[in-house]
Protein chains: 2
Amino acid sequence: MAAPTPRATRKRMGRYHHGDLRQALLAAALRMIQKHGAASLTLRAVGQDLGVSRTALYRHFADKAALLAAVGTDGFRRFRLALLDAWQRDGKGLAGFAAIGAAYVRFAADHPSHYRVMFGGALHQSRRPEPDLVTEGRAAFRVLVDALIELQRDGLVQAGDPHRQAVFVWSTVHGIAMLAIDGQLNHEGVDPIALVQFGMAHLMDGIRTPASHAPSSPK
Amino acid sequence: MAAPTPRATRKRMGRYHHGDLRQALLAAALRMIQKHGAASLTLRAVGQDLGVSRTALYRHFADKAALLAAVGTDGFRRFRLALLDAWQRDGKGLAGFAAIGAAYVRFAADHPSHYRVMFGGALHQSRRPEPDLVTEGRAAFRVLVDALIELQRDGLVQAGDPHRQAVFVWSTVHGIAMLAIDGQLNHEGVDPIALVQFGMAHLMDGIRTPASHAPSSPK
DNA sequence: ACCTGAACACCGTTCAAGT
DNA sequence: ACCTGAACACCGTTCAAGT
């Protein structure tokens, strides 16, 4: 592929786009959502941004909802990788698990509009649940479950349904993330990252084994 | 006032509305949001539903965002009353506090669209933060803080910044509520009310005083 | 296959005009 | 004061037509 670099998304006048237009549309939509919020996203503006007709999009997406679903799906993919990276970078274990919580909130704080598309419900409450979005959402959730399974296996977390434990952790962290990007924590003078660290420590106290108390107190 | 009952919001043909049109608009908007979601709310449909011109609304609201903000403000008012009712009905104390959590999630589950308008961010992220919405949101949050202050005073909850404790409880419960109305808990086979009861019990274990363990285990 | 341009039905909002 | 009706600028989507 000696063609124009992947960054040269803008087509040359009078010629067809002929790159990965689908990918370019996705990137453009994401860029505009991050800048102005999903509410004001316009298909016409997306096309214009790429120098493409405003109907070219329909070759790659059924409609606007499908485009947004693809943006959300892509978000869940990045999200999952961010969580996985935090877990592995901090050597798994209890510190790694706490790092997942921090990474979760950081992702939401850094990409509020993207996060909102992922969880916005504008998608879920529509006609059908958008299978790809659901699948990718579940995959992200799986990171938590897998981490808990490992922690249980290593005797760091109490036995119990890892699924239920994960749902509870997810809820807590999701709640902090949502309040943070809604600005509800701002006028309460609370730092989201500090809050999630406090919360994760609290959660861990509840589910970790007595044996894990001795050899773990890093930073 | 021997005029038509407050329920007869529909104006008689050829005459002005002449009731509390503002209130009628609010009720109509809420009704339509609950039925079809906030995304598909149309000012024209609101007017039509009331038998009123589609521009009559501008006498009472600056624009569509202002109408939605008013719907959210109204939601926070009902929400606060629901939380307060749960707290008082269950005799305050630790059982009452747990009841607040359940009432919180129940409100969200029963009025998902309304809840979404309240927390949706479509409002918060807009131009200015819509003062009434913020005020009423804070008032709802205050229910939690006040409850924790009472619990501390009665020696049922550990000393500590009640504000910080409240933020953490709020986050947890909000997360459960959001995941529930997003349907993320459905395909995990988790009952939101059961989850929030589990979560509240867990939280209470973390913040209640040792002394409170003896005299409290009702149902 | 991929893209265009005109057209359609809809939307929020403005504004001069009515009572 | 409160409401109307026409008008404006915008939107998502369709579709026959181009290459």
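Letters go in sequence order (proteins before strands), and every chain restarts at 1. Since the model is a prediction, treat every value here as computed from it, not as a measurement.
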Rounding to a whole Å, what distance do you find between A/L21:CG and C/dC2:P? 9 Å
Using a strict threshold of under 4.0 Å (side-chain N to carboxylate O), is an ion pair present between B/D85 and B/R89? yes
For the side chain of B/D63, counting heavy atoms from C-beta on, which of C/dT13, D/dT13, D/dC3 is nearest? C/dT13
Looking at A/H60, I'd like to know whether one of its side-chain N or O atoms comes within less than 4.0 Å of OP1 or OP2 on C/dC2. no
Parallel, tilted or perpendicular, judged at 30° and 60°: which one describes the rings of A/Y104 and A/F79? perpendicular
Kindly confirm or rule out a cation-pi arrangement of B/R164 over A/F198, judged by NZ or CZ under 6.0 Å from the six-membered ring centre and within 45° of its axis? yes
Rounded to the Å, how far apart are A/R54 CZ and C/dC2 C1'? 17 Å
Applying a 3.5 Å limit to both distances, which nucleotide forms a Watson-Crick or G-U wobble pair with D/dA17? none
Is there a donor N/O on one and an acceptor N/O on the other, under 3.5 Å, for the side chain of B/T55 and the base of C/dG12? no
Output yes when at least one side-chain N/O atom of A/S53 is less than 4.0 Å from OP1 or OP2 of C/dG5, else no. no
Run the salt-bridge test on B/D182 and B/R116 with the 4.0 Å N-O cut-off and return the result as yes or no. yes
Separation of D/dC8 atom C1' from B/Y58 atom OH, nearest Å, is 13 Å
Nucleotide C/dC11, atom P - distance to NE2 of B/H36 in whole Å: 13 Å
Would you indicate what B/L41 reaches in the nucleic acid, counting non-hydrogen atoms under 4.0 angstrom: base, sugar-phosphate, or nothing? sugar-phosphate
Nearest whole Å is fine: how far is D/dT14 P from A/F61 CZ? 16 Å
To the nearest angstrom, how far is A/R22 atom CZ from C/dC2 atom P? 13 Å
Go ahead and name the base partner of C/dG12; Watson-Crick or wobble counts if both distances stay under 3.5 Å, otherwise write none. D/dC8
Look up atom CZ in B/R59 and atom CG in B/L25, then write down how far apart they are to the nearest 0.5 Å. 13.0 Å
What nucleotide among C/dT4, C/dT13, D/dT13 has an atom nearest to a side-chain atom of A/K64? D/dT13
What integer distance in Å separates B/Q48:CD from C/dG12:P? 12 Å
Taking any strand in view, what nucleotide pairs with C/dC3 in a Watson-Crick or G-U wobble way, both distances under 3.5 Å? none
Nucleotide C/dA7, atom P - distance to CZ of A/R44 in whole Å: 14 Å
Taking D/dC2, D/dC15, C/dC2 as options, the one with an atom nearest any side-chain atom of B/R59 is D/dC2
